[in-house]
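Note sheet for the following structure.
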Amino acid sequence: MSSTKTILVTGSTSGFGRAIAFTFAQHGWNVLLTGRRKERLDELEQELQTEFGTSVLTLCFDVQNREQTQQVLKDLPHDWKHIDVLVNNAGLAAGLATFQEGDPDDWDRMIDTNLKGLLTVSRSIVPHMIARKKGHIINIGSIAGKGAYLKGNVYCASKAAVDILSQGMRIDLLPHGIKVTNVSPGAADTEFSLVRYHGDVAAAAKVYEGYEPLHAQDVADVVYFAATRPDHVVLNDIVVTPLAEANPMYWHKELRN
Ligand code: NDP
Ligand code: 8X3
């Protein structure tokens, strides 16, 4: 394994996580990639090694499972314990329903993944960063965390929690030289909507009709920029949207038609 920097990206099997993996691997970073779909992780590892010759380690686990997550991260191979950048990206929206019609099982999945998963992963990695007096945690929040929209309720709440948690982590970790960045993207064309609509391809496609959404690479570029600022510079809070989206409730899709 080379002595270049190491990034850990949760949720690398699709969307932002996958694009972030490619971007950092292309720039010669060692990449530690996680997700639940083992076949996808295996393919990704193969692809990145072939294309960029970088060191890749993949770990298959569910961030909702606290014990499993803690164990896997505790057992990291020695060479992989020095994480320079942690990107807490694994997350989802499950369902789009009014609060009164919401499914508590969907609520659990979102809170257990978007918030509790992020807590478990960060709590496992932070002690290594503290020991080295250096590190950078990049949390993938959402524009949904900046303001609620119709039927977004619990997803928005989970991402608002990521936003305020990023602020708290930034304060607590500052004495240890650790940077914390919250990235809040608007609508991006990934598997996000397919997951939100429980596999309904037509409903998912409709979300991106009539305008050009963000692409996963747009968010990966933002993350790479944030991660590569000089030591004395921190990008604390980044909101990035497609041109057509001023905020979660105000759109001007005609602009791109
Ligand atoms: P994708 O569905 O394409 O990717 C989600 C990734 O998260 C997958 O790799 C998935 O891997 C992983 N993941 C989901 N649940 C778990 C879990 N329990 N344990 C481990 N990994 C998990 O969506 P995006 O790339 O769009 O989403 C990435 C992040 O960005 C999410 O946090 C999302 O909320 C946020 N976001 C998305 C926006 C969008 O419009 N697309 C906008 C703003 C924020 P696997 O299924 O293999 O476990
Ligand atoms: C995903 C973007 O606007 O669908 O977080 O909530 S949005």
Side-chain angles (χ1 to χ4, degrees), residues 8-22 33-44 58-66 68-69 72-73 87-96 106 108-121 138-163 166 182-199 203-204 206-208 211-220 222-223 238-242 244-251:
L8 163 55
V9 187
T10 65
S12 315
T13 55
S14 78
F16 300 163
R18 183 180 159 84
I20 293 166
F22 268 85
L33 307 174
T34 87
R36 291 165 301 177
R37 286 171 286 184
K38 174 97 173 68
E39 337 69 65
R40 289 215 189 180
L41 287 172
D42 291 345
E43 277 169 30
L44 186 57
T58 57
L59 298 171
C60 187
F61 62 91
D62 185 335
V63 299
Q64 294 174 95
N65 184 330
R66 186 192 287 167
Q68 185 194 24
T69 302
V72 170
L73 295 177
V87 182
N88 281 308
N89 166 73
L92 79 164
L96 185 73
D106 282 343
D108 281 346
R109 283 174 64 206
M110 291 188 273
I111 292 167
D112 291 349
T113 309
N114 301 354
L115 180 57
K116 290 164 77 178
L118 180 152
L119 289 172
T120 307
V121 172
I138 301 180
N139 293 327
I140 305 298
S142 169
I143 196 158
K146 300 288 185 185
Y149 53 82
L150 184 68
K151 301 184 180 180
N153 46 71
V154 175
Y155 177 67
C156 296
S158 74
K159 291 300 188 177
V162 171
D163 190 340
S166 299
N182 184 53
V183 179
S184 300
D189 180 10
T190 62
E191 292 179 13
F192 175 84
S193 291
L194 199 59
V195 172
R196 167 168 255 176
Y197 288 108
H198 302 296
K206 235 176 160 2
V207 174
Y208 308 111
Y211 69 104
E212 182 163 4
L214 292 176
H215 306 296
Q217 189 59 47
D218 299 321
V219 175
V222 167
V223 169
I238 304 169
V239 179
V240 50
T241 67
E245 184 181 20
N247 66 42
M249 292 302 284
Y250 187 81
W251 290 77

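As the structure is a prediction and not an experimental result, all values here were calculated from the model. One-based numbering, in listed order, for ligands and for the atoms of each.
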Out of Ala188, Pro213, Gly91, who is nearest to atom 40 (O) of ligand 1 when you count heavy atoms only?
Ala188
Atoms of ligand 1 under 4.0 Å from any heavy atom of Asp62, numbered from 1 in the order shown, are 17 (C), 18 (N), 19 (N)
I'd like to know if the side chain of Thr10 and the backbone of Asn89 have a donor-acceptor N/O pair within less than 3.5 Å.
yes
Would you say Ser184's side chain and Ala144's backbone share a donor-acceptor pair under 3.5 angstrom?
no
Please state whether Asn114 comes within less than 4.0 angstrom of ligand 1, counting heavy atoms only.
no
Yes or no: does Ser193 have any heavy atom under 4.0 Å from an atom of ligand 1?
no
Closer than 4.0 Å to some heavy atom of Gly15 - which atoms of ligand 1 meet that?
3 (O), 25 (O)
Do me a favour and list the nearest non-hydrogen protein atom to atom 21 (N) of ligand 1 with residue, atom name and distance?
Ala90 CB, 3.6 Å
N/O separation below 3.5 Å, Gly11 to ligand 1:
yes
Min side-chain heavy-atom separation Phe16-Val183 under 4.5 Å
no
Is there a side-chain contact between Lys159 and Asn114 in this structure, where contact means two heavy atoms from C-beta onward sitting under 4.5 Å apart?
yes
Phe61 neighbourhood, listing ligand 1 atoms whose heavy-atom distance to it stays under 4.0 Å:
19 (N), 20 (C)
Polar pairs, ligand 2 vs protein, N/O only, below 3.5 Å.
from	atom 1	to	atom 2	distance (Å)
ligand 2	5 (O)	Ser142	OG	2.5
ligand 2	5 (O)	Tyr155	OH	2.6
ligand 2	6 (O)	Tyr149	OH	2.6

Can you tell me if Lys116 has over 12 outside heavy atoms packed within less than 6.0 Å of its NZ?
no
So for ligand 1, is Tyr155 a polar contact partner (N or O within less than 3.5 Å, distance only)?
yes
With a cutoff of 4.0 Å, is Ser12 in contact with ligand 1, counting heavy atoms of the residue only?
yes
For ligand 1, note which part of Thr113 has a heavy atom under 4.0 Å away: side chain, backbone, both or neither.
side chain
Which residue is it: Val223, Val9, Asn182? I am looking for the one with a side chain to side chain contact (heavy atoms under 4.5 Å, CB included) to Ile140.
Val223
Has Gly141 got any heavy atom lying under 4.0 angstrom from an atom of ligand 1?
yes
Closest protein heavy atom (residue, atom, distance) for atom 43 (C) of ligand 1:
Pro185 O, 3.1 Å
Contact (N/O only, under 3.5 Å) between Val63 and ligand 1
yes
Set of ring pair (Phe, Tyr, Trp, His ring centres under 6.0 Å) partners for Phe192, sequence neighbours left out:
Tyr155
Would you indicate whether the side-chain heavy atoms of Asn247 and Lys146 approach each other to under 4.5 Å?
no
Would you call Asp106 and Val154 a side-chain contact if the rule is heavy atoms closer than 4.5 Å?
no
Give the residue, atom name and distance (to 0.1 Å) of the protein heavy atom nearest atom 42 (C) of ligand 1.
Gly186 O, 3.1 Å
Identify, by atom number and element, the atoms of ligand 1 in contact range of Ala187, meaning under 4.0 Å from any of its heavy atoms.
40 (O)
Could you say whether the N/O atoms of Ser14 and ligand 1 ever approach to under 3.5 Å?
yes
Could you tell me which atoms of ligand 1, counted from 1 in the order shown, lie closer than 4.0 angstrom to a heavy atom of Glu191?
2 (O), 3 (O)
Near Thr13, which atoms of ligand 1 are under 4.0 Å from a heavy atom of that residue?
8 (C), 9 (O), 10 (C), 11 (O), 45 (P), 47 (O)
With a 4.5 Å limit on heavy-atom distance, are the side chains of Arg37 and Glu43 in contact?
no
For ligand 1, is there an atom lying under 4.0 Å from some heavy atom of Arg109?
no
Looking at side-chain heavy atoms only, is the closest gap between Leu96 and Tyr149 below 4.5 Å?
yes
Stepwise, does the side-chain contact (heavy atoms from CB on, under 4.5 Å) test hold for Ile143 with Thr241?
CA-CA 8 Å; Ile143 196 158; Thr241 67; 3.4 Å; yes
Between Phe16 and ligand 1, is there a nitrogen or oxygen pair with a distance under 3.5 Å?
yes
Ignoring hydrogens and geometry, is there a side-chain-to-backbone donor-acceptor pair from Thr120 to Arg66 under 3.5 Å?
no
Would the distance check show the side chain of Asn139 and the main-chain N or O of Gly141 forming a donor-acceptor pair, the cut-off being under 3.5 Å?
no
Test your reading of the model: is there a side-chain donor-acceptor pair from Arg196 to the backbone of Gly95, 3.5 Å cut-off?
yes
Heteroatom proximity flag, Thr190 to ligand 1, N/O under 3.5 Å
yes
Does ligand 1 have any atom sitting under 4.0 Å from a heavy atom of Arg40?
no
Under the side-chain contact (heavy atoms from CB on, under 4.5 Å) criterion, do Leu44 and Thr58 qualify, and how do the steps go?
CA-CA 9 Å; Leu44 186 57; Thr58 57; 5.6 Å; no
Heavy-atom distance under 4.5 Å between the side chains of Leu214 and Glu245, does that happen here?
no
Looking only at protein heavy atoms, what sits closest to atom 31 (C) of ligand 1 is Asn89 O, 3.2 Å
Out of Lys116, Arg36, Arg18, who gets a non-hydrogen atom closest to atom 14 (C) of ligand 1?
Arg36
Taking the side chain as every heavy atom from C-beta outward, state whether Arg40 and Ser14 have any pair of such atoms under 4.5 Å apart.
yes
